[in-house]
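Shown next, in structure tokens, is the structure this report addresses.
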Number of protein chains: 2
Amino acid sequence: MTPTPPHPDDDHCPASPAEHPLPDGGAVRLTSKDIGRLVGVSQATVSNAINRPHLVAPATLAAIERVMADHGYSVNSSARALKSGIGKALGVVVLDVANPFWGEVVKGIETVTAPGRIPLIIGSSNEDAETESAIFQSFESQGVRGILVAPTPSNLPLLRRFRAKGIQVVLLDSEDPQGEFPSISLDHAAGAELAAAYLRDGGHREVALVNGSPDISWCASRSRGFHAGFAGVADARIHEISRTAMTVEEGRQSVDVLLELLKQHPPITAVFCTNDMLALGVLKGLHERGIAVPGDLSVVGYDDAVFAELLSPGLTTVHQNATAIGRAAALLMTLDAAVPQAPEPLQPPHLVVRGSARSLR
Amino acid sequence: MTPTPPHPDDDHCPASPAEHPLPDGGAVRLTSKDIGRLVGVSQATVSNAINRPHLVAPATLAAIERVMADHGYSVNSSARALKSGIGKALGVVVLDVANPFWGEVVKGIETVTAPGRIPLIIGSSNEDAETESAIFQSFESQGVRGILVAPTPSNLPLLRRFRAKGIQVVLLDSEDPQGEFPSISLDHAAGAELAAAYLRDGGHREVALVNGSPDISWCASRSRGFHAGFAGVADARIHEISRTAMTVEEGRQSVDVLLELLKQHPPITAVFCTNDMLALGVLKGLHERGIAVPGDLSVVGYDDAVFAELLSPGLTTVHQNATAIGRAAALLMTLDAAVPQAPEPLQPPHLVVRGSARSLR
DNA sequence: CTGAAAGCGCTTACAG
DNA sequence: CTGAAAGCGCTTACAG
């Protein structure tokens with residue numbers, strides 16, 4: 001039930017229903033000049049009413065607002081951006097929009113940009129430096145005010161050039177060795193080291209590391225941290241498997257490699273996946289092959305995605321607060337006038353122990 | 001470890017070490033006129049080189065392209081959009097970016113927009129009609145070429161007005177009773193009916209339905225379909241629980257209500273959640289309370305999110321291909337010139353039976 | 001094949 | 001408090 005008949009109101013718009021959806025001549029979009037004419041004031045006054053209402057006489061202001069509302073007027077951002085030099089949209093590059101972790105990050109960004117207030121232009125790089133660079137160019141072209149990204153090192157020069165042009169750059173979930181860009185930096189190495197220490201203390205020596213591209217700075221950091229956790233353990237061996245994308249499907253496919261490693265002597269006893277999507281894929285592949293987790297193989301992930309707790313077995317993984325990351329990064333941007341917003345402290349990563357990894361002792 | 005210092009510089013203006021990232025006078029952004037001057041041709045020729053290269057002499061074209069590349073020139077989309085009337089960005093409103101299902105939908109859209117080619121402006125409505133309408137306005141303001149959305153019925157008039165202004169509207173994952181907008185319509189009612197039939201045939205009579213807002217058209221459809229599946233079963237009773245958001249957290253909270261229903265006589269024996277996030281939350285809440293699934297209560301979801309298969313128990317859920325939905329919707333848009341792209345057939349929803357629901361017989 | 005000129009809708013000093 | 005005018009960077013007929 002709940003038919004909710006859509007209002008058949010089509011007031012001042014000559015849009016006959018079920019007719020030419022895109023009649024070149026039919027597109028009626030009012031301008032501020034039109035609004036001015038309708039109210040009987042100049043375009044400048046309309047502009048003032050929108051941008052500096054305190055400069056406009058209350059009665060005039062009310063009249064203008066009324067007419068704007070009646071006609072559904074909305075300012076043309078293109079014209080505004082062209083005139084004022086910079087738009088207000090923000091560009092966000094994520095590894096993969098379909099990855100829940102990045103979804104959470106974007107959600108965190110939205111808590112400060114408020115959908116409808118500051119537009120977010122989002123693109124997935126899919127771990128490809130060229131795609132990332134193409135997205136950057138399109139952002140610049142769109143006149144974004146700033147860019148939030150965990151960039152591929154090879155694209156850093158491009159970002160420097162953008163900054164020189166006045167585009168704010170905030171490094172998201174990334175490392176900035178030079179400290180040249182404002183960035184919220186998560187300690188990926190420390191997180192991965194936590195996972196390594198847990199496995200090491202559990203007696204694992206022959207382990208696999210399923211990672212994304214080493215070109216992604218934080219993938220490299222996680223690898224580094226993982227190795228650090230095993231440093232000094234003479235008989236430890238880490239088999240690194242690099243995948244082109246950090247998706248469930250790639251994780252599943254990496255199981256073939258894992259199978260080989262399982263046949264070696266000594267066989268691997270544990271796998272560390274540098275994100276939970278990869279871990280989910282590995283778990284699926286292992287499940288399909290009838291390999292028991294953690295009986296035959298221990299699995300540890302990274303991110304603590306929303307589903308990690310309820311997988312079977314529960315995924316032991318490194319937790320980091322994705323929403324907080326997005327939020328903190330967005331707060332590093334100078335959004336409106338020049339209101340500097342307070343940065344927020346971020347929790348360090350910690351390991352959430354569940355059932356997918358066991359001790360060998 | 002983990003210093004993670006959100007840079008101590010509160011004023012992100014002169015943020016970086018001994019530098020001015022945003023010096024008002026330092027912003028160097030070349031225009032097509034600059035490029036023309038550098039090459040020794042007019043601005044019009046530069047514009048032609050960019051937009052109609054066949055009109056330009058090969059040598060001139062090469063020289064222009066060279067200079068543009070050398071200086072990292074990118075066209076100012078604001079100016080272009082202002083001049084040519086319409087931008088090329090697309091606006092997408094999702095229920096919640098953090099919901100993996102919607103992430104997949106966006107990913108499907110990206111397969112046709114190609115990140116870096118057509119910018120995607122994305123906003124989460126969080127099931128709120130006013131937020132949705134604010135997002136729409138900002139899209140219009142940004143001069144989007146089209147909008148992809150599963151709208152709240154109350155915002156349909158706004159969309160009609162947009163269409164009259166030449167903005168394409170494609171209904172995503174929604175129903176369009178009047179058939180007034182191009183839309184890819186999934187049969188939500190049929191999918192929910194599948195779930196209901198499964199529960200009904202399993203002997204369930206007292207069931208709960210955890211749903212989102214009835215204002216969301218497809219939530220209403222799923223409810224309708226679910227009821228339809230039980231139509232004619234005299235002793236069946238459906239307890240509908242409506243949540244303000246279809247998130248894991250809301251699902252978890254709905255367990256309190258479920259608990260009450262479990263105490264009644266006769267108690268409920270099954271719960272149908274209208275998306276997998278809600279189901280995940282219900283599963284979590286039930287797990288925390290020590291209520292066995294499917295022993296004490298059967299749970300069925302909707303979407304077949306990527307994690308559904310590996311939950312414990314595996315989630316029985318209605319499958320629909322999110323990526324295909326996004327892709328099909330995007331193909332319904334006239335993107336570039338006027339190249340109408342072929343729509344793609346969509347699979348009807350089907351039930352994936354796993355372990356979270358049992359038969360009472 | 002190339003260039004001069006107009007104008008998209010807005011904001012911004014500057015007068016009044 | 002309000003308006004006339006300039007100009008943001010581009011594209012588009014229109015001449016040449």
Side-chain angles (χ1 to χ4, degrees), chain A residues 24-25 27-65 68 71-89 140-145 165-166 337, chain B residues 24-25 27-65 68 71-89 140-145 165-166 337:
Chain A
D24 279 28
V28 266
R29 188 157 170 189
L30 294 183
T31 71
S32 57
K33 190 184 270 179
D34 295 327
I35 298 295
R37 185 160 24 206
L38 253 24
V39 177
V41 297
S42 77
Q43 186 180 31
T45 300
V46 174
S47 178
N48 280 337
I50 295 167
N51 302 304
R52 302 121 105 198
H54 56 281
L55 293 185
V56 179
T60 314
L61 184 59
I64 292 172
E65 282 174 341
M68 291 198 302
H71 294 266
Y73 170 79
S74 81
V75 0
N76 181 326
S77 299
S78 297
R80 170 182 281 176
L82 177 58
K83 179 61 192 167
S84 56
I86 201 91
K88 57 178 186 159
E140 185 201 7
S141 185
Q142 292 290 314
V144 298
R145 167 183 299 268
K165 293 181 185 176
Chain B
D24 278 29
V28 267
R29 189 158 171 188
L30 295 182
T31 71
S32 57
K33 189 183 273 179
D34 295 326
I35 298 295
R37 185 161 21 205
L38 252 24
V39 177
V41 296
S42 75
Q43 185 180 32
T45 301
V46 174
S47 178
N48 280 337
I50 295 168
N51 303 304
R52 303 121 105 197
H54 56 282
L55 292 185
V56 180
T60 314
L61 184 58
I64 293 173
E65 283 175 341
M68 292 197 301
H71 294 267
Y73 170 78
S74 83
V75 2
N76 182 325
S77 298
S78 297
R80 169 182 280 176
L82 176 58
K83 179 60 191 170
S84 57
I86 201 93
K88 58 177 187 158
E140 185 201 8
S141 186
Q142 291 289 313
V144 298
R145 168 185 298 268
K165 292 181 187 179

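Sequence lines set the chain letters: A, B, ... in the order given, protein chains first and strands last, and positions in each chain run from 1.
- Contact annotation: A/Asn76 does not reach the phosphate of C/dC10 (side-chain N/O to OP1 or OP2, under 4.0 Å).
- Using a 4.5 Å cut-off on side-chain heavy atoms (C-beta onward), A/Ile64 and A/Thr45 make contact.
- Which of D/dC1, C/dT11, D/dG9 sits closest to the side chain of A/Arg80 comes down to C/dT11.
- Base pairing annotation: C/dA4 forms no Watson-Crick or G-U wobble pair, as no partner gives both donor-acceptor distances under 3.5 Å.
- Contact check for A/Asp34 versus A/His71: no side-chain heavy atoms found under the 4.5 Å cut-off.
- Atom CD in A/Gln142 sits about 15 Å away from atom C1' in D/dG9, given to the nearest Å.
- Each of B/Ala44 and B/Ala79 has a nearest nucleotide on DNA chain C; the 5'-most of these lies closest to B/Ala44.
- Counting to the nearest Å, the P atom of D/dC8 and the CG atom of B/Leu30 are 15 Å from each other.
- OP1 or OP2 of C/dT11 lies within a sub-4.0 Å distance of a side-chain N or O belonging to A/Ser47.
- Residues A/Ser141 and B/Ser77 have side chains that bring a donor and an acceptor to within less than 3.5 angstrom of each other.
- Proximity of B/Tyr73 to the phosphate of D/dC10: a side-chain N or O atom is located under 4.0 Å from OP1 or OP2.
- Following rounding to the nearest Å, A/Arg37 (CZ) and D/dT2 (P) show an atom-to-atom distance of 19 Å.
- Rounded to whole Å, atom P of D/dC10 lies 14 Å from atom NZ of B/Lys88.
- Rounded to a whole Å, the CG atom of B/Asn48 is 14 Å from the P atom of C/dA4.
- Between B/Thr60 and C/dT2, a side-chain N or O to OP1/OP2 separation shorter than 4.0 Å is present.
- When side chains are defined from C-beta on, A/Ile50 counts as touching A/Tyr73, because their heavy atoms get closer than 4.5 Å.
- In this structure D/dA13 sits in no base pair that meets the Watson-Crick or G-U test at under 3.5 Å.
- Looking at B/Leu82 and A/Asn76, their side chains come closer than 4.5 Å, going by heavy atoms from C-beta outward.
- In this model, the phosphate group of D/dC10 is approached by a side-chain N or O of B/Ser32 to a distance below 4.0 Å at OP1 or OP2.
- Atom CG in A/Asn51 sits about 10 Å away from atom P in C/dC10, given to the nearest Å.
- When the C1' atom of C/dC14 is taken as reference, atom CG of A/Leu55 falls 14 Å away, rounded to whole Å.
- Counting only heavy atoms from C-beta on, A/Gln43 has its side chain closest to C/dC10 among C/dT2, D/dC10, C/dC10.
- Where B/His54 and B/Lys83 meet DNA chain C, the nucleotide closest to each residue was compared, and B/His54 sits on the side nearer the 5' end.
- Between A/Asn48 and A/Val56, the shortest heavy-atom contact is CB-CG2, 3.7 Å.
- Nearest to the side-chain atoms of B/Leu82 among the listed nucleotides D/dG9, D/dC1, C/dT2 stands D/dG9.
- OP1 or OP2 of D/dT2 has not a single side-chain nitrogen or oxygen of A/Ser42 nearer than 4.0 Å.
- In this structure, the CD1 atom of A/Ile64 is 12 Å from the P atom of C/dT11, given to the nearest Å.
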